[in-house]
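Order of the sequence lines sets the chain letters (A, B, ...), proteins ahead of strands, with each chain counted from 1.
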2 protein chains.
Amino acid sequence: MASQGESIESLTRLKETFRKLPGIGPRNAERLAFHILREPRDFAAALAQALIDVKDKVLHCKVCFNLTETDPCSICSNANRDQGEVWVVEQPKDLLVLEATGLIRGTYHVLMGHISPLEGVEPEDLTVSALVDRVKSGTVREVVLALNPTVDGDGTALHLQDVLSQLGVQVTRPARGLAVGSQLEYATTGMLEAAIRGKANM
Amino acid sequence: MASQGESIESLTRLKETFRKLPGIGPRNAERLAFHILREPRDFAAALAQALIDVKDKVLHCKVCFNLTETDPCSICSNANRDQGEVWVVEQPKDLLVLEATGLIRGTYHVLMGHISPLEGVEPEDLTVSALVDRVKSGTVREVVLALNPTVDGDGTALHLQDVLSQLGVQVTRPARGLAVGSQLEYATTGMLEAAIRGKANM
């Protein structure tokens, strides 16, 4: 096995590098490496180029910290978006989910995480001060705290509410309650509590 | 979503390229792309280089058709290996499996597939004629047909036995029977038949 392994060093190296990706086990890494071997060189080159381009071209928007190739990003620089409404999310992925609904007319602010005392993440590790500066600049009318409805997300939202409410900006959050399409009998206590407390006229 | 998609073209392209790999669904491709974004540039560069190197450096040994970076491969050019014994396998992966046992003192011949009339694979599509030439050259004493014990593998083995036996070389195949570590009550008909027909003194 030793001599064999040495003679195809590049194949072994490709397998081992694939192995470092999340969710790729040893069998999967081998399968991927053999797949690359069988595919035309153009495919390997395209994947290689895409990897490099992502690292070289993608940056964080200096206004909202969303991932972008132009700075400011296309949302922050879009005159048709309501620059007075800022949806605060934890991660760029969350922004994509909200944006895909087509319902947001405002802009975003990506925190790049949530406050987590257990994981040692403090407000200083996030983009909180940049959000405060945006609000202080006077263009922001309403901040919607669209953090994950989890313990850490709620904790982060409380901290932001504390900080932002002192600046005289309106602070809101998305509605909570029963998940549309779910069944009452399977609802969690948290979902039921939110649904009952938040009951509204039809 | 459209404006967002355009602004991070390289990220979208990386996701779409990951999607083309076997076993990578849309969620997985997104996860991998975001992972690359978070990792240091060195990691993306290493993966990119490994992809290119595999395509540029790995070739088939002109003797046995195994994957190699040197031609002939380290097994075919190893004076300590028995060049008179040739283990015929379907794929380079099968060679790795046999080689990993450390029990093979001979060399290999990779067919690059099996004969399959249904899939339109004829002997001419495989490395059969190169195997015949090796045997004709006079250095080969025994050919072990280590093909998969499947319908196509067995059919290919029969064809090779036909062709090779005319050349006066000894043609053998690995033993078949009960899978070591398995239980008799779960053995398939094929396993049992091979075990019964092949019974031997202890």
Side-chain angles (χ1 to χ4, degrees), chain A residues 1 3-11 13-18 20-24 28 30-37 39-58 61 66-70 73-75 78 81 91-93 95-96 99-102, chain B residues 1 3-11 13-18 20-24 28 30-37 39-58 61 66-70 73-75 78 81 91-93 95-96 99-102:
Chain A
M1 196 61 180
S3 64
Q4 185 55 26
E6 281 160 38
S7 68
I8 37 176
E9 183 275 334
S10 57
L11 188 63
R13 178 156 45 87
L14 182 59
K15 272 188 232 175
E16 284 169 2
T17 316
F18 272 135
K20 291 178 185 161
L21 293 171
I24 308 288
N28 230 326
E30 180 163 298
R31 190 175 162 209
L32 291 174
F34 276 109
H35 180 80
I36 296 293
L37 260 182
E39 289 290 299
R41 190 183 186 283
D42 282 356
F43 177 73
L47 181 52
Q49 194 60 51
L51 287 160
I52 294 297
D53 282 352
V54 149
K55 297 307 288 186
D56 287 350
K57 293 185 180 174
V58 177
C61 169
N66 181 24
L67 298 169
T68 179
E69 287 181 0
T70 57
C73 74
S74 61
I75 298 174
N78 185 342
R81 305 287 294 232
Q91 298 289 355
K93 287 183 213 188
L95 184 157
L96 289 178
E99 188 66 2
T101 66
Chain B
M1 195 65 182
S3 63
Q4 184 57 24
E6 281 161 41
S7 69
I8 37 175
E9 182 274 335
S10 57
L11 188 64
R13 179 156 43 89
L14 182 59
K15 272 188 232 173
E16 284 169 2
T17 315
F18 272 135
K20 292 177 185 162
L21 293 171
I24 307 288
N28 230 327
E30 180 163 297
R31 191 175 162 209
L32 290 173
F34 276 109
H35 180 80
I36 296 293
L37 261 182
E39 288 291 299
R41 189 182 186 285
D42 283 356
F43 176 73
L47 181 52
Q49 193 60 53
L51 287 161
I52 294 296
D53 283 352
V54 149
K55 295 308 288 185
D56 288 350
K57 294 185 181 176
V58 178
C61 170
N66 181 25
L67 298 169
T68 179
E69 286 181 2
T70 57
C73 74
S74 61
I75 298 174
N78 186 342
R81 304 289 292 236
Q91 298 288 356
K93 287 184 208 182
L95 184 157
L96 289 176
E99 189 64 4
T101 65

A.B. asks: Of the non-hydrogen atoms in A50(A) and R13(B), which two are nearest, and what is the gap between them?
C.D. replies: CA-NH1, 3.7 Å

A.B. asks: Flag the one option from I24(A), V58(A), L37(A) with the top tally of heavy-atom pairs under 4.5 Å to chain B.
C.D. replies: L37(A)

A.B. asks: Are side-chain heavy atoms of F34(A) and V54(B) found at a separation under 4.5 Å?
C.D. replies: no

A.B. asks: Top residue by heavy-atom pair count (under 4.5 Å) with chain A, among Q91(B), E16(B), K20(B)?
C.D. replies: K20(B)

A.B. asks: Give, for atom SG of C61(A) and atom CD1 of I8(B), the distance between the pair rounded to the nearest 0.5 Å.
C.D. replies: 11.5 Å

A.B. asks: Where is the tightest heavy-atom contact between L47(A) and L14(B), given as atom of each residue plus distance?
C.D. replies: CD1-CD1, 4.0 Å

A.B. asks: Can you confirm whether E9(A) sits close enough to D53(B) that some side-chain heavy atom of one is under 4.5 Å from a side-chain heavy atom of the other?
C.D. replies: no

A.B. asks: Restricting to side chain to side chain donor-acceptor pair (under 3.5 Å), what partner residues turn up for N28(B), sequence neighbours left out?
C.D. replies: none

A.B. asks: With sequence neighbours excluded, tell me which residues meet side-chain contact (heavy atoms from CB on, under 4.5 Å) with A46(A).
C.D. replies: none

A.B. asks: Could you pull out the closest heavy-atom pair between K57(A) and S10(B), with the gap in Å?
C.D. replies: CB-OG, 4.0 Å

A.B. asks: Compare every heavy atom of I36(A) with every heavy atom of K55(B), then report the nearest pair and how far apart it is.
C.D. replies: NZ-O, 3.0 Å

A.B. asks: Which atoms of K15(B) are under 4.5 Å from chain A, going by heavy atoms: the side chain, the backbone, both sets, or neither?
C.D. replies: side chain

A.B. asks: Hey, are the side chains of F18(B) and L51(A) touching, using non-hydrogen atoms and a 4.5 Å cut-off?
C.D. replies: yes

A.B. asks: Mind checking whether L11(B) and T68(A) have side chains closer than 4.5 Å, heavy atoms only?
C.D. replies: no

A.B. asks: Taking the side chain as every heavy atom from C-beta outward, state whether I52(B) and R41(A) have any pair of such atoms under 4.5 Å apart.
C.D. replies: yes

